[in-house]
Amino acid sequence: MDEGVEVSAMAINVVIPEELRWRDTRRDEEFELQSLTIRMLPDGSLAAKAYGRPVAGGRGAYVSFPVPDRPELAALLSAAADEAGRRWSAHL
């Protein structure tokens, strides 16, 4: 291992399956949350944000939201991190 390399975080993007998506509101605009960005922090813990687009359509901003504390979303985060780890370890 190169001791001169400091990795501050690793990130993966995950599509939220339709059956797990939810809606949230920001500045009086409703968004459907469609993807997660999951970061592994230097201490090994995970941090996640959900991203979505306005339900009304158009070219609205892609806005981040906190991920709700729901068992099925925690399972998705865990499965995604496991899969990312498998892929990272297999890279050439």
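Just so it is clear, the values below take in all heavy atoms, side chains as well, and ignore hydrogens, waters and symmetry mates. Predicted, not measured: the structure shown is a model, and the values here were computed from it.
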**Complete:** Closest non-hydrogen atoms of Pro17 and Leu76, given as atom of the first, atom of the second and distance, are CD-CD2, 3.8 Å
**Prompt:** Where is the tightest heavy-atom contact between Ala50 and Pro66, given as atom of each residue plus distance?
**Reply:** CB-O, 4.5 Å
**Message:** Can you confirm whether Trp22 sits close enough to Ile16 that some side-chain heavy atom of one is under 4.5 Å from a side-chain heavy atom of the other?
**Reply:** yes
**Prompt:** Does the cation-pi check pass for Arg26 over Phe31, that is, NZ or CZ under 6.0 Å from the six-membered ring centre and within 45° of its axis?
**Reply:** no
**Asked** Less than 4.5 Å apart, any side-chain heavy atom of Arg21 and any of Val15?
**Response** yes
**Request:** Enter the distance from Ile38:CD1 to Leu77:CG here, rounded to the nearest 0.5 Å.
**Result:** 4.5 Å
**Request:** Check whether more than 12 heavy atoms from other residues, nucleotides or ligands sit under 6.0 Å from atom CZ of Arg70, and answer yes or no.
**Result:** yes
**Prompt:** Minimum heavy-atom separation for Leu41 to Ala47, with atom names?
**Reply:** CD1-CB, 4.2 Å
**Item:** Glu18 CD: over 12 foreign heavy atoms closer than 6.0 Å
**Value:** no
**Asked** Would one find more than 12 heavy atoms of other residues, nucleotides or ligands at under 6.0 Å from atom CG of Asp82?
**Response** yes
**Asked** Any donor and acceptor pair, going by atom type alone, linking the side chain of Ser78 with main-chain N or O of Ala74 inside 3.5 Å?
**Response** no
**Asked** For atom CG of Asp43, is the number of surrounding heavy atoms from other residues, nucleotides or ligands below 6.0 Å larger than 12?
**Response** yes
**Prompt:** When rounded to the nearest 0.5 angstrom, what distance separates CG in Leu20 from CG in Leu36?
**Reply:** 9.0 Å
**Complete:** Looking only at heavy atoms, the pair that brings Ala81 and Ile12 closest together is N-CD1, 4.1 Å
**Message:** Less than 4.5 Å apart, side chain to side chain, heavy atoms only: is that true for Asp24 and Pro68?
**Reply:** no
**Item:** CZ on Arg53 to OG on Ser35, rounded to 0.5 Å
**Value:** 8.5 Å
